[in-house]
Amino acid sequence: MSVAEALTERGVLPRSAGIRAVGIDIVDVERLRGMAERRGQRLLERLFTVNEQALCEDASPRHRAYRMAGRLAAKEAVRKALGGYGEGLAWRDVEIGRDASGAPVPRLVGRADEAFRRAGYSGLHVSISHEAGVAVAIAVAD
């Protein structure tokens, strides 16, 4: 082990910059809308935090389904970016909020936060897009 590697392991030097992991997911908006209609609030409480539900409710019914699908895709993309460290995460261990400009921001709690730390990542970035009845999200860890 080099001196630089030893110092990085001890947290003295930062890990090298750059992309360390990527996750991507796609969700069919109508399929999610149908599930939400059939299973109701119970499904929403299992998949989304209170904050996420509020962000989705603040939209027309059509846009609400797109927001939910985008957040669900982003959560799964984050889980994939965490790789084996993210095994056993609950849906609400990852929250997809938004910053002042409206850009999606991942917030990790519980097992997701532990997985992020074990993986040694320094940052996590998410992008969401909607088109033709689907929502797609990508998560990049550095």
Side-chain angles (χ1 to χ4, degrees), residues 1-59 62-142:
M1 178 181 293
S2 72
V3 172
E5 289 171 326
L7 291 174
T8 299
E9 284 294 312
R10 288 194 236 158
V12 175
L13 291 177
R15 297 197 181 272
S16 62
I19 295 173
R20 303 205 29 230
V22 175
I24 188 168
D25 197 61
I26 187 168
V27 172
D28 182 297
V29 176
E30 288 305 314
R31 182 170 181 248
L32 180 61
R33 183 192 326 256
M35 288 171 55
E37 287 174 1
R38 283 189 308 278
R39 297 185 185 156
Q41 188 63 31
R42 192 168 153 177
L43 175 70
L44 299 181
E45 289 173 359
R46 191 178 124 238
L47 297 176
F48 302 106
T49 67
V50 172
N51 293 334
E52 289 170 319
Q53 290 179 54
L55 285 172
C56 293
E57 288 298 319
D58 187 30
R62 180 175 183 270
H63 288 109
R64 186 175 306 132
Y66 276 87
R67 285 186 181 181
M68 288 188 313
R71 279 177 169 66
L72 191 61
K75 288 169 174 273
E76 183 63 17
V78 167
R79 290 167 64 150
K80 290 175 179 177
L82 291 172
Y85 296 102
E87 291 293 322
L89 295 183
W91 286 108
R92 294 186 312 169
D93 287 341
V94 178
E95 179 180 87
I96 307 298
R98 64 179 177 204
D99 67 14
S101 71
V105 176
R107 294 184 187 100
L108 307 179
V109 298
R111 286 183 267 176
D113 185 51
E114 292 171 21
F116 179 83
R117 293 177 193 283
R118 281 195 318 267
Y121 299 149
S122 60
L124 185 61
H125 316 278
V126 173
S127 182
I128 301 171
S129 189
H130 312 89
E131 181 68 35
V134 296
V136 64
I138 187 168
V140 177
D142 52 18

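To the nearest 0.5 Å, the span separating NZ on Lys75 from CZ on Phe48 amounts to 6.5 Å. Note that CZ of Arg20 and CG of Asp142 are 8.5 Å apart. Values are rounded to the nearest 0.5 Å. Ile26 CD1 to Ile138 CD1: the interatomic distance, rounded to the nearest 0.5 Å, is 12.5 Å. Note that CZ of Arg92 is 8.0 Å distant from CD of Gln53, once rounded to the nearest 0.5 Å. Taking CG from Leu43 and CD from Glu37, the interatomic distance works out to 11.5 Å, rounded to the nearest 0.5 Å. With rounding to the nearest 0.5 Å, the separation of CZ in Arg33 from CZ in Arg64 is 9.5 Å.
Of the possible donor and acceptor atoms, none in the side chain of Asp28 sits under 3.5 Å from a partner among the backbone N and O of Val134. Side chain of Arg38 to backbone of Gly34: a donor-acceptor contact under 3.5 angstrom is found. Under a 3.5 Å cut-off, the side chain of Asp93 and the backbone N or O of Ala90 do form a donor-acceptor pair. Remark: side-chain polar atoms of Glu30 are not paired, donor with acceptor, to backbone N or O of Gly133 under 3.5 angstrom. Between the side chain of Arg111 and the backbone N or O of Gly88 there is at least one donor-acceptor pair closer than 3.5 Å. Side-chain atoms of Arg71 never come within 3.5 Å of backbone atoms of Leu47 as a donor-acceptor pair (strictly under, hydrogens ignored). A donor-acceptor contact shorter than 3.5 Å links the side chain of His130 to the backbone of Tyr66.
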key: Evaluation steps, side chain to side chain contact (heavy atoms under 4.5 Å, CB included), between Val136 and Ile24   = CA-CA 7 Å; Val136 64; Ile24 188 168; 4.2 Å; yes
message = What verdict does the side chain to side chain contact (heavy atoms under 4.5 Å, CB included) test give for Lys80 and Leu82, after you've listed the backbone C-alpha separation in whole Å, the side-chain angles of each residue and the deciding distance to 0.1 Å?
response = CA-CA 5 Å; Lys80 290 175 179 177; Leu82 291 172; over 6 Å; no
Stepwise side chain to side chain contact (heavy atoms under 4.5 Å, CB included) check, Asp58 with Arg67 = CA-CA 10 Å; Asp58 187 30; Arg67 285 186 181 181; 4.1 Å; yes
message = Run the side chain to side chain contact (heavy atoms under 4.5 Å, CB included) test on Glu76 and Trp91 for me, step by step, so that the C-alpha distance in whole Å, both residues' side-chain angles and the decisive distance to 0.1 Å come before the verdict.
response = CA-CA 8 Å; Glu76 183 63 17; Trp91 286 108; 3.5 Å; yes
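Scanning all heavy atoms of the two residues, the minimum distance from Ala137 to Ala73 falls at CB-C, 3.6 Å. Scanning both residues, Gly97 and Leu55, for their nearest heavy atoms gives CA-CD1, 4.0 Å. Residues Gly86 and Leu89 approach most closely at O-CG, 2.9 Å, considering heavy atoms. Of all heavy-atom pairs spanning Ala81 and Ala21, the tightest one is O-CB, 3.3 Å.
Here the side chains of Ile96 and Ile128 are in contact, with some heavy-atom distance below 4.5 Å. Contact check for Leu32 versus Leu72: side-chain heavy atoms found under the 4.5 Å cut-off. Between Leu124 and Leu108, some side-chain heavy-atom pair lies under the 4.5 Å cut-off.
Between Glu45 and Arg42 no salt bridge is recorded (no basic side-chain N to carboxylate O distance below 4.0 Å).
Other residues, nucleotides and ligands place no more than 12 heavy atoms under 6.0 Å from the CD atom of Glu131. Atom CZ of Arg117 has 12 or fewer heavy atoms from other residues, nucleotides or ligands within 6.0 Å.
A donor-acceptor pair shorter than 3.5 Å cannot be found between the side chains of Asn51 and Thr49.
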